[in-house]
Amino acid sequence: MTTSSAAPDQHGSTAPTGGAPLIPVGVLGARGRMGTEVVKAVHAAEDLELVAMVDAGDWLFDVANAGAQVVVDFTRPDVVMDNIRFCIDNNIHCVVGTTGFDDEKLATVAAWLEPKPDVGVVIAPNFGIGAVLLMRFAQEAARFFPSTEIVELHHPNKVDAPSGTAVRTARLVAAARRAAGLPASPDATTDSLPGARGADVEGVAVHAVRLTGLVAHQEVLMGAAGETLTLRHDSYDRASFMPGVLLAVREIGRHPGLTVGIEGFLGL
Ligand SMILES: NC(=O)C1=CN([C@@H]2O[C@H](COP(=O)(O)OP(=O)(O)OC[C@H]3O[C@@H](n4cnc5c(N)ncnc54)[C@H](OP(=O)(O)O)[C@@H]3O)[C@@H](O)[C@H]2O)C=CC1
Ligand SMILES: O=C(O)C1=N[C@H](C(=O)O)C[C@H](O)C1
């Protein structure tokens with residue numbers, strides 16, 4: 001599928017083109033909730049050209065045959081590694097929003113990239129600017145509070161729990177707590193039903209809510225003597241992720257190797 005777009009960018013990113021050639025973009029998971037939104041955003045961006053839309057059952061080679069320079073992947077945790085491998089082998093940059101990455105998978109992607117010094121892959125658990133800032137604020141605040149817990153709340157069709165964003169937030173908070181020499185969050189629980197205290201991510205409790213009507217939401221709750229700080233981010237619409245996705249599409253060609261998160265692209 002090949003298209004060209006002339007409509008102005010409706011998705012919040014600035015993109016001076018200055019006559020530069022359009023960036024050909026392929027979308028994997030193009031018929032999914034996020035993929036549909038990415039297709040619209042790429043189509044509307046004046047400096048990008050949507051050249052391929054691939055979903056389950058379609059031929060992955062379409063993105064290479066269509067000449068995609070950048071692929072955006074919002075598929076499933078169980079297929080995303082094969083997609084990344086294909087793109088790296090075919091010298092296509094990847095912007096990956098699909099979740100489910102642990103240290104082992106990240107190391108595997110980094111190893112695939114070693115013989116390909118010109119190819120860039122960015123893997124970001126959340127492209128929402130507010131969510132990225134929430135993670136940063138939580139990381140900054142963590143050392144001042146003896147207790148931190150995370151509640152993530154999502155639509156009920158989400159396949160993974162806890163969310164990729166919650167896991168990354170917990171890891172950032174845990175690292176900040178370790179660096180500050182904080183002991184474990186106080187918790188005298190000795191008797192609970194399994195799951196009542198959430199998942200333990202490096203010592204940070206993460207609770208996952210799945211509720212009809214929600215999109216993507218997260219609270220980080222921090223407590224100290226006589227006070228609490230609650231940081232909350234809400235994505236009410238998947239359009240909220242598009243400025244970050246488009247930024248990553250524009251930036252990834254200038255960032256060979258593996259990048260985790262879009263913080264660096266935002267100057268954070
Ligand atoms: N980083 C971020 O900012 C965000 C990340 N996400 C993550 O993105 C991922 C997708 O979320 P969402 O869009 O809600 O999920 P959806 O299930 O709506 O979309 C996934 C799509 O990928 C398709 N698919 C499955 N296998 C393949 C394949 N091998 N090649 C191409 N397409 C395939 C699915 O088809 P089928 O249904 O037939 O299997 C489906 O159409 C999740 O991991 C989610 O957590 C979501 C929002 C924001
Ligand atoms: O599946 C979703 O919807 C989302 N997935 C990402 C995650 O797991 O963190 C990002 C956002 O929370 C929406």
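Each ligand, and each atom within it, is numbered from 1 in the order the structure gives. Values below: every heavy atom of this structure, side chains too, minus hydrogens, waters and symmetry copies.
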Considering only protein heavy atoms, which is closest to atom 10 (C) of ligand 2, and at what distance to one decimal place?
-> P125 O, 3.2 Å
Ignoring angles and geometry beyond distance, decide whether T99 reaches within less than 3.5 Å of ligand 2 through its nitrogen or oxygen atoms.
-> no
Which is closest to atom 23 (C) of ligand 1 in terms of heavy atoms, V27, D55, V63?
-> D55
shortest atom 4 (C) of ligand 2-to-protein heavy-atom contact is with K158 NZ, 3.6 Å
Could you say whether the N/O atoms of K158 and ligand 1 ever approach to under 3.5 Å?
-> yes
For ligand 2, find out whether one of its N or O atoms is nearer than 3.5 Å to an N or O atom of G164.
-> yes
State which residues pass ring pair (Phe, Tyr, Trp, His ring centres under 6.0 Å) with F61; sequence neighbours excluded, sorted by chain then number.
-> W59, F86
For V79, the ligand 1 atoms whose distance to one of its heavy atoms is below 4.0 Å | 26 (N), 27 (C), 28 (C), 29 (N)
For M34, the atoms of ligand 1 under 4.0 Å from one of its heavy atoms are 13 (O), 46 (C), 47 (C), 48 (C)
Would you say M34 contacts ligand 2, with heavy atoms under 4.0 Å as the rule?
-> no
So, does G164 sit close enough to ligand 1 that a heavy atom of it is under 4.0 Å from the ligand?
-> no
For atom 3 (O) of ligand 2, closest protein heavy-atom neighbour | H155 NE2, 2.9 Å
For atom 1 (N) of ligand 1, which of G244, A124, S163 has the closest heavy atom?
-> A124
Can you tell me the protein heavy atom closest to atom 9 (O) of ligand 2 and the distance?
-> T165 OG1, 2.5 Å
Pairing residues for A107 by the side chain to side chain contact (heavy atoms under 4.5 Å, CB included) criterion, not counting sequence neighbours | none
